[in-house]
Every structure is written in C-alpha cells, then in structure tokens.
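All values below come from the heavy atoms of this structure, side chains included, with hydrogens, waters and symmetry mates left out.
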Amino acid sequence: MPTSEAPGLFSRLRVHSVVEPGDDADGGICIVRCVAGVARVGQVFVLERDQDTAEPEGALTLEDIDKYRRSLEFIDPPHSAAVLLSGGPLDRLREGDVLVSHPAPDWYRRLEACGLRVLDLDRSPVLPDARRAHFAWAGYEVRPAATVGHARPDAAAELDRRWDSFAKSARLCTDEGEFCMMAPGPGSHEIGWIRVKDLVGADLPSRLLAGAGLREFLAVSVDGRTMCAVSDEEYDQWIIVHRFDEERRGT
C-alpha cells in the first residue's frame, strides 16, 4: 500500500466536473481522475498553470475522497472519485483542468524545467532494477558507444548530436516521446524510475545540464529493454547504450 512517507511524493488530478462549489469561498466537491502519482487525503493542490509561482493562487487541500459512498485515504491512476476540497473557491475550476500537488518535489521541478513532462512514477516490473541499471551505467558491464572530449570547443553540440543519433537508433523513446529516467539529485534509487514525455525531442544532454544541472543521467525505454545514458568521466563524456536480457530485467 502507498504511504505518505514515500520519497518524492507528487500527484496530478484531472477535473471532470464541479458538483458542489460550496456556499462560500471555502471549497466544495468535484469529480476528478488521478492521472499521475498517488493522491492522498491531506495533500495540497494548485492549478497546474499556477504551480511555478512563489505563492500559487487558490491552493486547495484534499479533505476527503469518496468512491461509491466509501471514504478512501488515497486514489491512484486511472481511478476517479468525488473529492472534498477546502481552502478556496472552486469557481476557477473547469473540465479538463489539472491540479498538481504542492509543493512539487525538487526532482519534478528540475525535470519539467528541461522540457520533460513528468507523467508518473513507473513501478512496472519490466523495468530493470535501479541499482543494476546503475552498475551498467557506471561501466561495469558495458563500454561506451561514443566518447566526446571535454576539451573540444564544440563538445556540448557534439554530445547532443551523438545522443540524438544513438537514442533514436536504439528506440529509447516511444512514438509519443515517452521514456523513463532516474530522478536528478540524491535519493534517486529510492524514488525509482520516472516516466516522462519529451516535449522538445532533441538536445537532451544540453537541456538537462541547463535545467537540472545534470552532466550525467540514466534513461531506459518504457519496455525496459534498452538503456541510454551519459557518464561524465575525467577527460570526456561517455554515451552508453545497453540492452537488458529478458531474464534479468527487474531483478
């Protein structure tokens, strides 16, 4: 069962309709679908379009979750429920609006700053164990598919060019631009794989450096078969492409 102590907690709710807007400015009841993460009683939500402001307008607290007249502590994708929200008027909410838990974890903000839409924490058993993937990334199992020297005047552009080529040929992304990656920063193994959608589609190494401060990173395809990574070494950066065998993925 999910717990509120889970690392990197976040969730996203899509509004279906406002059922009872309330008699005053203190919230009301609406129908929502959980589309990412796990939404729990007690979480605070803001409209997705307001999440980057220092003090988002109309922060709402999730007071109760009701599904088939049964009170729940949480809902997860793709389930819908009636929820009681407090803390502000619901007249701003429209069908299709997305509420995001607030404050967002640091890793969420850093990835979205790179042009990556965070879709969910991905616990699929087809994905490789995070520590096993890290060993491959660190070079214990594979050699680099390409290296780019730090001293090159065009090192950043060359790394982007080669990454784009290798990631495309390895089919890292789905046709919709989705793949999984480890969270930036400490605690990435505990957070696990994060499913993202690339809204840009090119120059990922440069974007991750500019938006998240990452010189190295680890990504896998959503079917768990292929890993593509960048490792920052003493004199150069490595691009690593690795395929996991069927028997050992997720172990």
Does the side-chain contact (heavy atoms from CB on, under 4.5 Å) test come out yes or no for Val38 and Leu121, once each step is laid out? CA-CA 9 Å; Val38 180; Leu121 299 177; over 6 Å; no
Please report the shortest heavy-atom distance between Gly201 and Arg207, naming the atom on each side. N-NH1, 3.9 Å
So if you build clusters from Ile, Leu, Val, Met, Phe, Trp, Tyr with side-chain heavy-atom gaps below 4.5 Å, do Val18 and Val35 land together? no
Taking the side chain from Lys67 and the backbone from Ser80, do they hold a donor-acceptor pair closer than 3.5 Å? yes
So CG of Leu47 and CZ of Arg94: to nearest 0.5 Å the spacing works out to 10.0 Å
Minimal heavy-atom distance between Gly42 and Thr61, with the atoms involved, is O-CG2, 4.1 Å
I'd like to know if the side chain of Ser169 and the backbone of Phe166 have a donor-acceptor N/O pair within less than 3.5 Å. yes
Atom pair CZ (Arg117) and CG (Leu119), whose distance is rounded to the nearest 0.5 Å: 8.0 Å
Hey, does the side chain of Arg12 reach the backbone of Val118 with a donor-acceptor pair shorter than 3.5 angstrom? yes
Could I get the full list of side-chain contact (heavy atoms from CB on, under 4.5 Å) partners for Pro103, not counting sequence neighbours? none
Can Val230 and Arg162 be said to form a side-chain contact (heavy atoms from CB on, under 4.5 Å), step by step? CA-CA 11 Å; Val230 170; Arg162 292 197 180 189; over 6 Å; no
Lys168 meets the side-chain contact (heavy atoms from CB on, under 4.5 Å) criterion, sequence neighbours left out, with none
Report the distance from atom CG of Asp203 to atom CZ of Arg161, rounding to the nearest 0.5 Å. 11.5 Å
Do Phe244 and Asp129 touch side chain to side chain, with heavy atoms closer than 4.5 Å? no
Are the side chains of Pro128 and Trp193 in contact, using a 4.5 Å heavy-atom criterion? yes
Would you say Leu84 ends up clustered with Ile31 if hydrophobic residues are merged whenever their side chains have heavy atoms under 4.5 Å apart, either directly or through other cluster members? yes
Do Leu93 and Ile75 share a hydrophobic cluster (ILVMFWY, side-chain heavy atoms under 4.5 Å, transitive)? yes
For Glu178, enumerate each residue passing the salt bridge (Lys or Arg N to Asp or Glu O under 4.0 Å) test, keeping only those at least two apart in sequence or located in another chain. Arg195
Set of side-chain contact (heavy atoms from CB on, under 4.5 Å) partners for Asp106, sequence neighbours left out: Arg110
Test side-chain contact (heavy atoms from CB on, under 4.5 Å) applied to Gln237 and His150, step by step: CA-CA 7 Å; Gln237 285 183 285; His150 290 309; 3.5 Å; yes
Could you measure the distance from the CG atom of Leu13 to the SG atom of Cys30? Nearest 0.5 Å is fine. 8.0 Å
Minimum heavy-atom separation for Ile240 and Ser231, please, with both atom names. CD1-CB, 4.2 Å
Residues passing the salt bridge (Lys or Arg N to Asp or Glu O under 4.0 Å) test with Arg152, sequence neighbours excluded, are Asp154, Glu158
Here the pair of heavy atoms bringing Ala59 nearest to Val44 is CB-CG1, 3.9 Å
Above 12 or not: heavy atoms from other molecules or residues under 6.0 Å from CD of Glu216? yes
Within-4.5 Å side-chain heavy-atom neighbours: Trp107 and Ile194: yes
Are Leu209 and Leu111 linked, directly or through intermediate hydrophobic residues, by side-chain heavy-atom contacts shorter than 4.5 Å (ILVMFWY only)? no
Polar side chain donor-acceptor pair, Thr174 to Glu176, under 3.5 angstrom: yes
Within a strict 4.5 Å, meaning less than it, do heavy atoms of the Val100 and Phe45 side chains meet? no
For Gln43 and Ser11, test the side chains for any donor-to-acceptor distance below 3.5 angstrom and give the result as yes or no. yes
Less than 4.5 Å apart, any side-chain heavy atom of Ile65 and any of Arg40? no
Point-to-point distance, once rounded to the nearest 0.5 Å, from CG of Leu99 to CG of Leu62: 9.5 Å
Closest non-hydrogen contact found for Gly87 with Leu60 is C-CD2, 4.3 Å
How about Cys228 and Thr226: do any of their side-chain heavy atoms sit closer than 4.5 Å? yes
May I ask you to test the Leu127-Val220 pair for a side-chain heavy-atom distance under 4.5 Å? yes
Ignoring hydrogens and geometry, is there a side-chain-to-backbone donor-acceptor pair from Asp122 to Ser124 under 3.5 Å? yes
Is there side-chain contact between Glu233 and Tyr235, with at least one heavy-atom pair below 4.5 Å? no
Met227 CE to Arg243 CZ distance, which is reported to the nearest 0.5 Å: 11.5 Å
In chain order, what residues pass the salt bridge (Lys or Arg N to Asp or Glu O under 4.0 Å) check against Asp66, with sequence neighbours excluded? none
If only atom types and distance count, is the side chain of Asp236 paired as donor or acceptor with the main-chain N or O of Thr147 below 3.5 Å? no
Are Phe179 and Ile239 connected in a single hydrophobic cluster, I mean Ile/Leu/Val/Met/Phe/Trp/Tyr linked by side-chain heavy atoms less than 4.5 Å apart? yes
Of all heavy-atom pairs linking Ala36 and Pro77, the shortest is N-CG, 3.7 Å
Close aromatic pair by centroid cut-off 6.0 Å: Phe217 and Trp163: yes
